[in-house]
Structures are given as C-alpha cells and as structure tokens.
Amino acid sequence: MKKYLLLPILSIFTVCAFAESAISVSPVRWDEAEAKADALLAQMTDEEKAGQMIQAERRYMKISDITKYCLGSVLSGGGSAPGKNTVDDWRTMIEKMQAAAAKTRLAIPIIYGVDAVHGHNNLAGAVIFPHNSGLGASASTQGTFEAARETARAIRQTGVTWTFAPCLAVARDIRWGRTYESFSEDPQKAAAFGIVSMRGLHDGGAVSSIKHFAGDGGTAFGTSKKTPGFLDQGDTKLSEEEFFRLHLNQYKRAVEDGALNVMASYSSFNGVKMHENRRFLTEILKEEWGFRGFVVSDYAAVEQCSGKNYRDNVILCVNAGIDMLMEPIRWKQAYRSILYGLKKGLIAQERIDDAVRRILTVKYLSGLMDEPIPAFEEIDEAAVREKARKAAEGTFVLLKNEASLLPLKPNISVCILGPAADSVGVLCGGWTIEWLGKTVNPAVGGKTFREAVTQFLEAGGGAVTDHPDEADVILLALGEEPYAEFFGDAADLSLYGDKALKGNRAAVEAARKAGKPTVTVLVAGRPRIVSEEIKSWKAFVMAWLPGSEGADALVNALWGKVPFVGRLPFTWPVSSETSAETESRRSETVLFPYGFGL
Ligand code: GLC
C-alpha cells in the first residue's frame with residue numbers, strides 16, 4: 001500500500017502550552033484505560049457488546065431501553081433539548097439515563113453526546129462563541145482554546161461529557177454550507193486551530209470528536225447526493241497525494257496529540273463513501289497512525305452506503321472500521337444487524353471486541369466510569385461572556401478603510417441600516433438553540449448590533465438617528481440568515497443570493513442613496529460577493545459569526561477600543577464560481593487574497 005509522507009505541521013501558530021488536561025491523554029493513561037477496558041470486555045456478552053456500539057437519539061428511545069439493550073451512548077441532535085431546556089432539565093434527564101445504565105448487569109454508563117460547537121449551543125441562555133471561520137481569522141489560538149474549554153465546562157454542568165467538535169474540515173469551496181465550521185482553506189491552519197480546540201475541550205473535561213473524517217470540505221461542486229447540484233456530502237475527487245495533504249494531515253496530527261474520537265464523513269473519496277472505506281478508517285487511521293480511540297458514524301449515515309439493504313450497510317460499515325453507530329432512529333435495527341453479522345460470521349468477533357474495547361477505553365480515560373454524572377460546578381457567566389467577547393474581537397478582519405474613517409469618533413451621529421443590525425440570531429448563525437439557528441429570538445443572551453451601538457453612543461455623547469441625512473456616518477449591517485449543513489449550500493453568493501438576508505438589497509440601496517460615509521459590517525459564515533457594492537463603502541469589516549457577545553465586540557473594534565487583528569482564513573473571490581480546486585488563484589478571480597487584513 002502506497003504510503004504518503006504527511007507534511008509535519010509547521011508550528012506557524014504558537015500553540016499555547018497547556019497545563020495537564022482534565023482529561024489526560026498521556027500514553028500511560030491510555031494503557032491504564034485499555035487494561036481496564038479489556039478486563040470489562042472479558043465479562044461481556046455479545047448482546048452487551050452490540051449495545052455498547054449503539055448511539056440512539058433521545059427523542060427516539062425510552063430510558064428503559066438503555067437497561068434493556070445496554071446502550072453505549074445517547075445523543076441530542078441539533079436543537080434536541082429536554083423539558084424547558086434548563087440546566088436542571090438536562091441534568092435530570094441524564095441522571096435518569098445513567099440510573100438506567102446502572103441497572104445493566106455490568107453497570108456501564110452511557111456517554112451522552114451533543115453538538116456543542118460554539119458554546120453549549122443547544123442550551124437556552126448559553127453564551128455563544130464565534131464559529132470556526134471567524135476563530136480561524138484570529139491572530140492567535142487563544143480565543144479558540146478559551147471557547148473550547150468554556151464549552152466543555154458548560155456541557156459538563158448539564159451532565160453531558162462528549163461534544164461532536166472540533167470540525168477539522170478544510171473548506172476549499174466557500175459555496176459549501178459548512179464553511180463556517182471550518183477554521184480555514186489552509187490545512188496547516190485548520191490543524192493548528194483544530195488541535196488547540198481539541199485540547200481546550202479535554203482541558204475542560206469533555207471528550208472531543210474530530211470531524212468529519214475525511215475530505216468533507218473538499219467535495220466537488222455538483223456532486224452532492226443530499227442536495228443534488230451542490231456540495232455537502234458529495235465526492236472529494238483528488239489524487240491521493242492531494243487528499244493526504246489537504247484533508248488527512250490534520251487528523252494524523254490530532255491523533256498524535258491524543259484524539260479520543262473520530263467522526264466519519266458523509267462524503268466520498270473518489271466515489272467511495274468514507275463510512276465504508278476500510279483503507280482510511282482502519283488501515284490508515286488505526287493501523288498506520290495507531291489511533292486508540294473510537295470512530296463514530298455520522299447521523300444516520302449508514303443507510304447512504306452501498307450495501308443492498310440496511311443490515312448489509314451496518315455490516316459493511318462496522319467491518320470498514322466504524323466502532324459506534326450514530327443511528328438515531330433505526331438504532332434497534334442497527335443493534336440486531338450487528339448481532340446478525342456476528343452470528344453469521346459476517347462480522348468477526350475480533351472486530352466487535354476491538355470496537356467495544358475502544359469505546360470502553362475512552363469511557364475510562366474520560367473519567368466517565370468513575371463519575372457518570374460530572375459534579376455540578378458553578379460557572380461565572382459574566383467571565384464567560386467576557387471571554388466570548390474577547391474571542392469575537394480577535395476575529396474581525398478590516399478589509400477597507402478609506403481616509404482612515406475607522407476608528408470612529410465617540411460623539412458622532414450614526415444611522416444604522418441593514419437586517420443584521422437587529423438579530424442576535426444572525427450574529428450566532430447555525431447550531432444555535434435550533435439545528436439551523438434562528439433569526440428571531442434564539443433564546444440566547446447578548447445584544448443586537450443596534451442595541452450595542454446605541455448604548456455606546458448615548459453613553460459617549462453621540463447619537464443614533466433614523467434619518468441618513470442627519471447622520472455623520474452610515475453603519476450598514478448586512479449578512480446571511482442562519483443555516484446548517486446542506487441547507488447552507490449556495491450557488492449564488494452575492495449579497496442578494498442564496499442564504500443572504502432578505503433586507504440586504506434595500507439597505508445597500510438606501511446607504512448608497514444617502515451619500516454619506518458608509519461603514520459596512522458583514523455578518524456571515526463565509527465571504528460573500530461584494531465586488532461592486534464595496535466601491536461605494538468607505539470602510540468594510542468582515543465580522544463572520546461572532547456569537548452572542550459579537551455586538552459589543554464589534555462596537556469595541558469600530559470605535560478603536562480594540563485593534564483590528566484578523567486575517568482572512570479563506571480567499572475572498574470576485575464571483576461565486578471560483579473554488580480553490582477549480583480555479584487557480586489568478587488575480588482576476590480574487591478580491592482579497594488569503595491572509596489579507598488591514
Ligand atoms: C450532523 C452532522 C454532524 C453532527 C451530527 C450529530 O448531520 O453532520 O456534524 O455532529 O449530525 O448532530
């Protein structure tokens with residue numbers, strides 16, 4: 001088998017030196033955990049082993065199923081929250097689940113997983129940190145580390161100990177709906193920030209899940225099976241050399257750094273679904289790189305594979321190297337398929353034992369076996385909000401500043417236009433309270449941009465006016481509507497195209513007509529096409545998706561309380577049609593190059 005020398009990650013970022021993590025991933029701790037896992041495995045029946053390989057979604061199971069099937073894990077899909085979605089409701093739910101697990105013959109706790117990708121974003125009132133595309137613009141990884149560690153502490157407070165993060169995707173085509181989950185188009189930056197995020201989660205006491213292995217951000221436009229004609233879950237068509245360089249290197253580096261869990265990608269590599277790709281899931285990830293944790297499938301991804309029926313697909317994926325099946329709804333069928341495969345000799349006993357050993361090893365290593373419910377720890381919310389605001393301040397990229405209009409003076413009159421001015425939900429983006437996020441009332445704290453600007457100006461002798469002709473400066477706040485995954489795939493990335501806020505066009509027109517110095521702020525998960533409009537703006541700031549504290553952060557940057565330090569982690573194209581794979585970075589296709597920022 002041809003092996004490619006993977007480029008060592010140059011430490012182009014100072015990856016912060018970390019104290020010993022709350023979850024230590026040292027080799028000796030792995031050895032200890034593996035020995036305990038082996039001792040427990042030796043006592044287990046095949047039915048108990050099959051149960052440990054199953055992850056069901058909370059809405060599609062009864063708590064008593066945990067006892068009956070010895071379930072290994074339960075998840076909350078995006079927006080799936082118990083009761084009134086309070087900390088107590090979460091803890092009560094998970095306490096009941098762990099009590100059910102304690103009734104199994106060997107009392108093996110479940111591990112509960114959520115997509116806490118920028119704070120405990122399923123939880124009402126959560127502090128929401130910037131999404132990864134903004135964090136990747138930051139000059140240092142400190143904000144990324146803080147975001148991850150506070151996310152870990154927040155989920156543990158609710159009894160959850162596993163988050164499906166960080167995403168290590170290298171988004172090579174910004175038309176992809178998950179670009180905002182990627183730290184950069186550059187694999188080295190994605191690795192550096194992704195590994196710091198993983199360490200932050202471990203430091204905070206949460207099991208991380210590096211995802212989606214591999215090539216999720218490199219699919220060719222038009223190859224999506226999920227949304228025909230688009231990208232998400234499509235086919236990454238590359239030479240093996242390029243695939244390793246762009247989409248595997250960061251995983252190898254993360255495995256060397258103690259990765260606990262890998263989530264397989266829905267996407268394919270040259271036509272073969274990653275979920276059934278034994279070469280990568282087993283031969284490279286486990287045998288060549290020595291990954292000792294476990295691989296989880298993505299949400300109901302098994303059914304997309306090439307087997308002739310669901311049972312065949314389960315057998316195909318387990319044999320390829322999937323250790324735990326995230327089968328939210330069909331989990332009973334998956335459970336029976338594992339046992340059928342074992343009984344018929346279609347899945348070897350060694351494969352089942354290996355999968356369960358890996359799962360149990362991570363449960364021991366993470367401390368779950370000794371403490372199924374993390375002790376409740378008070379969290380200083382004000383301190384976390386300040387960390388989120390500082391993280392957001394580091395993400396903003398100043399792309400134009402004619403006549404040094406920025407920083408603004410405190411005692412000016414400002415007219416605020418644009419649909420991104422009046423929604424915290426737009427500042428937070430997808431994966432916020434609901435899977436796709438919400439424009440209106442997303443049940444998180446924080447202020448709108450308009451509220452933050454008004455509060456600041458009125459305190460400093462300035463004013464906000466509704467009449468452009470009375471204003472010294474127009475603040476134009478444009479953006480994208482919240483979205484997630486394939487719902488965010490786009491063909492038209494103009495300010496009026498796919499996933500753009502409906503009010504963008506009118507606001508751009510009104511600002512142009514006003515004929516006043518205009519500062520535009522774009523609140524979006526990725527670059528949008530602004531080649532014409534930017535000509536009438538004096539200043540232009542890319543704010544990404546800065547989170548619940550983003551408005552105060554923006555005010556601090558616009559009025560000079562903090563400097564602009566961000567640099568583009570993605571090339572900014574002139575038109576929607578370019579992507580890193582299909583277009584060489586010719587000057588006429590690039591508005592702002594990768595790494596640009598004033
Ligand atoms: C989704 C996503 C994955 C997420 C999982 C659980 O479809 O692809 O990133 O972790 O399902 O919500």
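One-based numbering, in listed order, for ligands and for the atoms of each.
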Inset, instruction - Report yes or no: does E181 have a heavy atom closer than 4.0 Å to ligand 1? - result: no
Legend entry - Contact with ligand 1 for W435, non-hydrogen, under 4.0 angstrom: no
Considering only heavy atoms of [X], which atoms of ligand 1 have at least one such atom less than 4.0 Å away?
X    : answer
D115 : 4 (C), 6 (C), 10 (O), 12 (O)
D298 : 1 (C), 2 (C), 3 (C), 4 (C), 5 (C), 7 (O), 8 (O), 11 (O)
K211 : 3 (C), 4 (C), 9 (O), 10 (O)
F164 : 10 (O)

Legend entry - Under 3.5 Å: N/O of Y266 near N/O of ligand 1: yes
Inset, instruction - Would you check whether H212 has a nitrogen or oxygen atom less than 3.5 angstrom from a nitrogen or oxygen atom of ligand 1? - result: yes
Inset, instruction - Take L281 and K286, measure what side-chain contact (heavy atoms from CB on, under 4.5 Å) needs, and give me the verdict at the end. - result: CA-CA 7 Å; L281 291 177; K286 296 176 179 177; 5.9 Å; no
Legend entry - Check: G177 main-chain N/O paired with K499 side-chain donor or acceptor under 3.5 Å: no
Legend entry - Any donor-acceptor N/O pair, S182 side chain to A171 backbone, under 3.5 Å: yes
Legend entry - Nearest heavy atoms of N85 and N122, plus distance in Å: ND2-O, 2.8 Å
Inset, instruction - Considering non-hydrogen atoms only, spot the tightest contact between D232 and D489 and give its length. - result: N-OD2, 2.8 Å
Legend entry - Contact partition for R178 relative to ligand 1, non-hydrogen atoms under 4.0 Å: side chain
Legend entry - Side-chain donor-acceptor contact under 3.5 Å, R526 with S133: no
Legend entry - atom 1 (C) of ligand 1: nearest protein contact (heavy atom, Å): E485 OE2, 3.1 Å
Legend entry - Check against side-chain contact (heavy atoms from CB on, under 4.5 Å), E327 and V302: CA-CA 8 Å; E327 280 304 300; V302 161; 3.5 Å; yes
